[in-house]
Amino acid sequence: MIDSLPETENTPMTFEEFDLAPELLTAIAAQGYHKPTPIQAQAIPAMLERVDVLAGAATGTGKTAAFVIPALQYLLDEPEHTVHPRVLILAPTRELAVQIHQGVRALAAHTQVRSAMITGGFNQGNQVKTLRQSTDILVATPGRLAKMMEEDQVNLSYIELLIIDEADRMLDMGQGPTVRTLLESIPGDFQAGLFSATLSGAGVRKFAEDILDEPVEIQIEAPNQHSSQIQQITYLANDLVHKNALLLNLLQDASCASAIVFCNKKERAIALTEYLQSQNISAQVLHGDFIQAVRLEKMHKFKTGKIKVMVATDVAARGLDMLNITHVINYDLPYRGDIYIHRIGRTGRAQQVGISINLVERHDLKALERIEYHLQQSIPVGKIAGLEANYTRKAAKEAQAKAQKKKPKKNAKKKK
Ligand code: AMP
């Protein structure tokens with residue numbers, strides 16, 4: 001959940017000010033959203049006015065709810081009896097589509113609105129079946145949707161609202177022509193919203209011009225800014241054993257006075273702490289299950305330098321605000337860019353220089369790319385003498401692309 005976003009003068013204090021349906025307000029409250037984020041404050045009223053919207057907003061700004069809330073309100077205001085989707089949300093990747101679909105389901109929880117998702121990597125037969133059960137909101141990646149359109153399995157002629165999310169990334173991935181072809185299958189007029197982390201590239205501008213009609217333009221300062229005092233670096237690991245060796249080396253370096261090592265799960269944090277202790281590193285674990293008194297005691301020991309390394313989960317690390325943390329190490333990469341920013345913001349405070357390190361295995365490279373997209377910057381890869389990985393990022397990417405091409409189609413067997 002976002003807890004610190006810049007407010008604008010016209011940021012409404014509450015969601016009630018948008019005149020949303022009670023079932024939507026209930027779902028919004030259940031998500032723990034107390035007041036709209038800046039992108040929501042600006043995009044929701046514009047979209048409710050049924051004008052086109054061009055929004056520069058990155059992940060972490062609350063952009064998903066900014067388009068899902070007005071889409072749901074529209075469907076509640078204008079119910080119609082068709083089995084075909086009326087709202088289409090396009091996303092460049094399967095991961096993002098899954099995330100958006102989860103958002104749709106959570107916010108539609110108290111309504112009759114039905115949603116479906118179409119992306120590669122899932123069984124197409126099941127996706128067709130879900131679609132047949134009638135759908136109001138369809139979340140899709142362009143490639144699989146185009147394929148299903150070709151096979152006449154989706155009808156887009158009832159689309160009244162189109163959202164394109166992460167348009168810049170879509171164009172980077174070469175999905176522009178597929179999206180354009182898809183849009184040609186929508187016969188009538190539709191309202192459109194185009195969201196992109198940046199609006200500065202000529203590609204995005206042209207794309208927006210072709211799709212949108214006199215859009216309202218909204219530019220949100222991304223909360224992806226972090227202190228320039230933080231030096232970020234990635235070390236590639238072959239496997240977990242190699243990763244542990246890298247971690248030990250970094251923690252034993254003279255420059256490392258005080259470090260937080262982040263793990264995504266409690267169990268992993270516990271196991272890693274035990275390992276570090278067995279290697280004579282002064283380490284403690286901090287996860288959400290400790291009672292407050294124990295947490296405070298651990299934090300105190302860490303802050304006063306009695307413990308050098310705190311192995312923590314994200315929830316537990318809240319409140320670890322201190323000036324002298326020299327290293328933040330992502331033993332596990334976080335799932336989202338905004339969490340990454342939160343993590344690395346724990347070092348480099350108050351003019352001090354801090355180092356933030358990612359330990360990355362091959363299978364983490366996609367997550368790393370996503371974080372870099374969120375930051376709009378690439379993170380350099382470093383090497384530690386004697387602990388170099390047996391691959392490079394470039395080679396891993398090429399191998400992955402090759403493997404993807406070779407993969408036999410899942411239902412190829414069924415075809416005659
Ligand atoms: P997004 O930019 O859509 O990926 O959202 C980033 C995070 O912000 C997600 O965890 C959302 O659940 C959360 N979020 C969205 N809207 C709000 C809000 N109004 N208040 C607090 N958190 C929010």
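Order of listing sets the numbers, starting from 1, for every ligand and every atom in it.
Considering both main-chain and side-chain atoms, Thr64 comes within under 3.5 Å of ligand 1 through a nitrogen or oxygen pair. Residue Gly62 has at least one nitrogen or oxygen atom sitting less than 3.5 Å from a nitrogen or oxygen atom of ligand 1, judged on distance alone.
Evaluated by nearest non-hydrogen atom to atom 23 (C) of ligand 1, the leading choice among Tyr33, Phe67, Phe195 is Tyr33.
Ring centers of Phe262 and Tyr331: at least 6.0 Å apart, outside the cut-off.
A salt bridge is defined here as a Lys NZ or Arg NE, NH1 or NH2 lying under 4.0 Å from an Asp or Glu carboxylate O, and Glu78 with Arg50 fails to meet this definition. Using a cutoff of 4.0 Å between basic side-chain nitrogens and carboxylate oxygens, Glu150 and Arg144 are not scored as salt-bridged. The existence of a salt bridge linking Lys147 and Glu151 is confirmed by a sub-4.0 Å separation between a basic side-chain nitrogen and an acidic carboxylate oxygen. The residues Asp136 and Arg86 are annotated as not salt-bridged, no charged nitrogen and carboxylate oxygen being separated by less than 4.0 angstrom.
Atom numbering of ligand 1 starts at 1 in the shown order; those under 4.0 Å from a heavy atom of Arg336 are 10 (O). Atoms of ligand 1 lying under 4.0 Å from at least one heavy atom of Lys35, given by number and element, are 18 (C), 19 (N), 20 (N). For ligand 1, the atoms sitting less than 4.0 Å from at least one non-hydrogen atom of Thr37 are 17 (C), 18 (C), 19 (N), numbered in the order shown with element in parentheses.
For Gln31, no heavy-atom contact with ligand 1 is shorter than 4.0 Å.
Distance check, rounded to the nearest 0.5 Å: CD of Gln231 to CD1 of Ile355 gives 5.0 Å.
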